[in-house]
**Q** 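Quick one: structure below, then a few questions.
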Amino acid sequence: MKKFNLLLLALTLQTSNTFAQEQSGLIFWSDYNYFKDNTRPMSQIDNSYFKLSTKVITLPPVTPPKIPVLPPNPSSPKHDNTPDIDNPTSSGSATASPKNGYIFYNKLYYPGKNLYTDKLPLKGDLTITTNNAVGMGSILSGYTLYNKNTLTVNNNPGNTTTTGMQASGGGTVINEGNININGLYGNGINVISDGLGINNGKINLNSYYATGLEVYGKTKGINNGIISGNGYEGAQIFGEGEFTNSTTGIIDITHGNVGICVDGKGLAINDGVIKTYNTNFGMFSSYGTIINNGTITMNDTAKNPNNVASSGMGVSEGGKAINNGTINITGRSYSGMSGGKNTVLKNFGLININPPAPKDIYVDGSYAFQLSHSAVGTNGPSGVVNLNKNGILLNGKGTLHNWGKIIKPTTNTLPLIYDGGNLVMEKGGSIVTNTSTPTIKTMYLGKSYIGNNYNLISKVTLNDTLTKSAKEIKSNLYGYKLILHGNEAVFSKLSFSLLTDDPLGNYLQDIYYDSKNTSKDRLFDIILSSKNGNSFQNYLNEIFGREYFPSLIYQTRDAIEFGNNNILSHLTETPKILSKERYIFGYSFEKVNKSGYDNIAGYNQELNSLFIGKNYPLLSSLSSGWIFNYTRLNDKFKDDYGKREDNLFQGTGYLNYNKNNFNGLGALFLGYSRGDLDRNIQFDYSQYNDTLTSIKTVNFNETLNSKIKTFYVGGMGKISKLFNWNSFYLEPIGKFQSMGLFQRDINEHNGTYNLELDKLNGFLNTFYVGGEMGKDFAVKNYGIKLSLVGYLKQDLNDIDKNMKFKVQTLGNETGAINIDNKNRFSQEIGINVKVGELQTGLSIYTSYLYEFSKDNSWKIGAGISYIL
């Protein structure tokens with residue numbers, strides 16, 4: 001057990017190093033020491049961490065409670081150094097007896113289910129001065145401790161934590177008195193392991209890193225009283241915990257970080273009052289949900305640019321913020337609500353922006369919404385944004401959808417939007433202003449004006465305030481053209497064949513009718529949510545694989561070419577191979593970075609090849625032979641389009657001529673490849689609800705699986721002339737490779753938009769003109785060969801221009817993907833190194849090749865061969 005204690009101490013200390021502000025690991029360590037075995041404090045001798053008394057207060061006998069079997073001690077902390085709050089802090093099972101106590105106070109345990117600090121046997125006020133200590137608490141369900149007195153938390157200014165009250169194991173602690181947090185990292189109430197912590201009294205924060213109430217895991221905290229002072233956080237929720245600031249609750253933080261913080265997937269609700277001064281956030285969440293039904297007021301003086309993102313309600317990393325109450329911004333450099341990509345920001349209440357006049361908008365301007373790039377915010381039908389004299393509606397490059405009311409009085413001469421964000425007015429939304437001059441350059445109208453799918457023309461009469469508020473009004477949907485006739489707006493659906501010159505446009509136009517197919521509705525929701533041409537094309541690329549599938553035939557070509565280059569190099573660089581029957585063995589490896597071009601996605605490729613062959617002499621300068629090679633292909637598409645794993649089997653027959661330093665080789669090959677494909681579809685899009693009164697950002701992420709089979713046949717050749725000058729040589733080279741590839745049909749599985757694709761045929765031809773120069777450093781048959789190579793490369797390909805497909809979940813209509821690709825001209829330069837027996841025998845080699853093209857690509861390879 002001593003070894004276990006030391007291990008747990010090490011784990012918790014490690015936790016504290018990376019999460020020092022909250023000291024969750026040390027809290028957990030203290031909790032373990034107090035609640036081990038659920039019977040009494042551990043005996044403190046030798047190197048004990050706490051010097052706790054082993055004395056248990058004995059009272060008149062009580063009926064022993066029935067104790068359930070409890071889970072074992074917790075193991076190491078979870079990710080992000082959050083304690084493992086799913087396991088209570090006791091170990092094994094405990095046997096009840098009159099001496100057992102489940103409520104502790106000042107290092108002693110007491111029996112009794114409900115104990116009060118103002119009554120015996122407890123002793124009234126308590127001051128804690130030890131680091132990592134817990135003053136009082138309850139450790140078992142059904143046992144409640146009430147603090148009626150003054151509990152003071154003092155500790156040394158180290159990176160350690162001292163806690164006033166703690167609930168675990170289902171126990172409950174209730175503060176109805178005062179808790180004073182004076183220690184640097186002190187906590188008022190700490191709740192773990194199914195505990196419940198309630199503040200009905202007052203928690204006074206007198207240290208910057210102090211926290212009023214902390215909740216870990218699936219536990220709950222409630223504030224019915226007051227948490228106030230110069231502290232770091234009023235309440236913090238880790239993991240999946242819950243916290244409520246009730247209708248009588250007040251959280252008042254000065255010079256701190258946040259009123260209520262959710263650090264995980266938990267939930268925090270404010271039904272009461274949150275007030276801050278010179279503090280970053282009223283409520284904040286990463287991953288979790290924050291809801292304001294009460295009032296949040298942010299006061300401040302001038303702030304620096306680094307605090308421009310401070311807000312009444314802020315979220316990040318997929319967090320969700322919903323305001324049903326009131327957010328008052330009375331200080332500079334704040335926003336009512338703030339967030340980034342994949343966050344949810346919805347206002348159904350009042351955001352009141354009433355700061356002093358900004359000296360500089362960037363430095364100390366105040367905004368209703370702060371939305372970073374691609375973030376989406378919503379002002380709902382009941383939402384009201386009052387900008388008063390000095391408020392600005394939107395900052396950042398995100399988008400705000402407005403179904404509610406925006407009030408901008410005449411006295412407000414500041415811009416409505418700052419730093420490039422977009423305002424999308426939705427049906428029923430309004431801008432209340434008395435100014436006759438436009439307050440915004442471009443305003444967009446959202447889908448709620450158009451209606452649901454399949455409407456070709458929609459008409460709507462706009463409010464005068466909208467037409468007068470903007471210099472220009474556009475449709476927010478790329479697929480609809482907006483025409484204004486006075487206050488009448490006409491939305492006209494554009495043909496998909498006009499939006500894209502791909503044959504895919506004709507397919508979309510053909511299936512654009514109401515078939516009551518939810519998958520098809522979703523498809524058009526996605527592509528018609530495009531804000532511009534780039535996002536429209538990106539949706540088509542993702543869903544229909546327009547860059548993915550054309551790449552497959554080129555990947556196969558690269559793998560074949562890799563094997564063929566190995567054959568050419570081993571046969572044409574060894575003149576002595578012609579002298580008699582010889583066997584050829586080898587292994588080659590190559591890593592390729594291939595950039596995308598035209599409608600071909602880029603990819604990273606790894607190739608491994610094993611080959612074996614035999615050479616037969618025919619004449620003194622002519623030989624023939626065969627080579628069989630196996631190639632393993634692993635491709636990962638760039639931009640995470642997917643991956644491919646393939647196996648290629650190829651047989652090659654050749655004739656090799658070599659005389660007077662002239663070399664000519666011709667070969668025919670036949671092969672088959674088979675492998676697995678994974679295609680990733682991932683993007684974000686804006687989705688309206690059925691009544692078109694709300695919008696959210698949806699992350700679409702699927703992996704579709706399929707098989708790929710290809711038969712191929714072709715030929716290759718090389719001619720060269722070698723010029724030698726004292727082991728320095730120059731070799732002009734011309735070579736070609738021609739192959740027919742017959743890719744079989746592809747059927748995808750396990751997705752919403754899995755495709756059935758028809759077979760694809762292509763004839764790919766590549767011609768090289770270039771040469772090699774280098775030097776041999778040889779001793780007898782051993783030595784080193786260094787060479788520099790360079791080629792001009794021209795593709796002359798003939799591939800089926802379209803690849804037919806059917807989306808299995810949408811119906812029997814057939815579409816086509818345009819895979820026509822321009823023939824490329826490029827240049828290559830590289831270096832080769834070969835070491836070993838240069839003519840026959842064992843040798844190893846490595847190479848690097850750089851390709852100049854529209855986007856740069858490169859190859860690096862190595863291998864070993866043996867000719868006997």
Side-chain angles (χ1 to χ4, degrees), residues 191 197-199 212-215 218-224 227 233-253 257-276 279-298 310-329 334-340 342-352 368-371 375-385 400-401 403-404 689 693-697:
V191 188
I198 302 173
N199 176 47
L213 196 154
E214 285 188 343
V215 176
K218 296 179 180 179
T219 56
K220 191 171 184 179
I222 300 172
N223 178 47
N224 300 316
I227 301 174
E233 293 165 336
Q236 183 158 19
I237 300 90
F238 294 96
E240 299 180 8
E242 294 185 15
F243 173 80
T244 299
N245 188 45
S246 74
T247 55
T248 62
I250 297 174
I251 296 178
D252 189 350
I253 304 296
N257 181 42
V258 59
I260 302 174
C261 179
V262 178
D263 189 3
K265 296 183 179 180
L267 169 66
I269 300 173
N270 175 47
D271 292 326
V273 173
I274 298 175
K275 298 187 295 182
T276 72
T279 296
N280 292 324
F281 297 95
M283 302 179 75
F284 181 84
S285 173
S286 58
Y287 302 103
T289 299
I290 51 177
I291 300 174
N292 175 46
N293 301 318
T295 301
I296 299 174
T297 300
M298 308 293 289
S310 300
S311 62
M313 299 183 76
V315 286
S316 67
E317 306 292 341
K320 178 186 294 185
I322 299 173
N323 177 46
N324 300 314
T326 299
I327 300 176
N328 294 313
I329 302 299
Y334 277 109
S335 58
M337 304 181 78
S338 65
N342 295 329
T343 59
V344 175
L345 292 161
K346 295 189 176 184
N347 174 50
F348 300 104
L350 170 64
I351 299 178
N352 191 35
F369 291 88
Q370 171 86 26
L371 304 175
V376 175
T378 298
N379 189 40
S382 60
V384 177
V385 176
L400 175 66
H401 291 257
W403 278 270
N689 63 1
T693 56
S694 181
I695 192 171
K696 64 180 180 180
T697 300

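One-based numbering along the sequence shown.
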**Q** Are Leu345 and Val315 close enough that some pair of their side-chain heavy atoms sits under 4.5 Å apart?
**A**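 Heavy-atom side-chain distance check passes, below 4.5 Å.
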
**Q** Mind checking the CG-OG spacing from Asn324 to Ser382? Nearest 0.5 Å is all I need.
**A**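 So the CG of Asn324 and the OG of Ser382 are separated by 7.5 Å.
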
**Q** Looking at CG of Asp271 and CD1 of Ile291, how far apart are the two atoms once the value is rounded to the nearest 0.5 Å?
**A**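 So the CG of Asp271 and the CD1 of Ile291 are separated by 9.0 Å.
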
**Q** What's the shortest heavy-atom distance between Gln370 and Ser335, and which atoms?
**A**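 Closest approach of Gln370 to Ser335, heavy atoms only: CB-OG, 3.5 Å.
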
**Q** Is any side-chain heavy atom of Tyr287 less than 4.5 Å from a side-chain heavy atom of Val262?
**A**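 No; the side chains remain at least 4.5 Å from each other.
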
**Q** Measure the shortest side-chain to side-chain distance between Asn347 and Asn379 over non-hydrogen atoms and say whether it is less than 4.5 angstrom.
**A**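 They are in side-chain contact.
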
**Q** State, with a plain yes or no, whether a side-chain heavy atom of Ile260 is found less than 4.5 Å away from one of Ile290.
**A**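 They are not in side-chain contact.
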
**Q** Around atom NZ of Lys275, are there more than 12 heavy atoms of other residues, nucleotides or ligands at under 6.0 Å?
**A**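 Incorrect, the count does not exceed 12.
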
**Q** Might you point out which heavy atoms bring Ala321 and Met313 nearest each other, and give the distance in Å?
**A**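 Where Ala321 meets Met313 most closely, the heavy atoms are CB-CE, 4.1 Å.
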
**Q** Is any side-chain heavy atom of Asn342 closer than 4.5 Å to a side-chain heavy atom of Thr697?
**A**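 Yes - at least one pair of side-chain heavy atoms lies under 4.5 Å apart.
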
**Q** For the pair Ser246 (side chain) and Asn223 (backbone), establish whether a donor and an acceptor sit closer than 3.5 Å, ignoring hydrogens and angles.
**A**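 Here the side-chain-to-backbone pair exists.
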
**Q** Using atom types as modelled and distance alone, determine if a side-chain donor or acceptor of Thr248 lies under 3.5 Å from a backbone N or O of Asn224.
**A**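 Here the side-chain-to-backbone pair exists.
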
**Q** Side chains of Tyr334 and Ile327, heavy atoms from C-beta outward: is any pair under 4.5 Å?
**A**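 No. Closest side-chain heavy atoms not under 4.5 Å.
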
**Q** How far apart are the closest heavy atoms of Met298 and Gly312, and which atoms are they?
**A**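 So the two residues come closest at CG-CA, 3.9 Å.
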
**Q** Which heavy atom of Ala268 sits nearest a heavy atom of Ile237, and at what distance?
**A**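 Answer, listing the atom of Ala268 first, then Ile237: CB-CD1, 4.1 Å.
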
**Q** How far apart are the closest heavy atoms of Leu371 and Leu400, and which atoms are they?
**A**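 Of all heavy-atom pairs spanning Leu371 and Leu400, the closest is CD1-N, 4.1 Å.
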
**Q** Once you measure the plane-to-plane angle for Phe281 and Phe284, does it fall in the parallel (<30°), tilted (30-60°) or perpendicular (>60°) bin?
**A**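 Aromatic pair Phe281/Phe284 classed tilted.
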
**Q** Are any of the side-chain heavy atoms of Val376 and His401 separated by less than 4.5 Å?
**A**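 Sidechains of His401 and Val376: in contact.
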
**Q** With rounding to the nearest 0.5 Å, note down the distance linking CD1 in Ile251 to OG1 in Thr276.
**A**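 Those atoms lie 11.5 Å apart.
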
**Q** Measure the spacing between CD of Glu242 and NZ of Lys218 and express it to the nearest 0.5 Å.
**A**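 The NZ atom of Lys218 is 11.0 Å from CD of Glu242, to the nearest 0.5 Å.
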
**Q** In Å, rounded to the nearest 0.5 Å, how long is the span from OG1 of Thr295 to CG of Asn352?
**A**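 Thr295 OG1 to Asn352 CG: 11.0 Å, rounded to 0.5 Å.
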
**Q** Any side-chain heavy-atom pair from Phe369 and Ile351 closer than 4.5 angstrom?
**A**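 SC-SC contact between Phe369 and Ile351 confirmed.
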
**Q** Identify the two heavy atoms, one from Ser286 and one from Asp263, that lie closest to each other, and give their separation to 0.1 Å.
**A**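 Where Ser286 meets Asp263 most closely, the heavy atoms are OG-OD1, 3.7 Å.
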
**Q** Can you tell me how far the OG1 atom of Thr247 sits from the CG atom of Asn270, to the nearest 0.5 Å?
**A**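 Atom-to-atom, Thr247:OG1 and Asn270:CG are 10.5 Å apart.
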
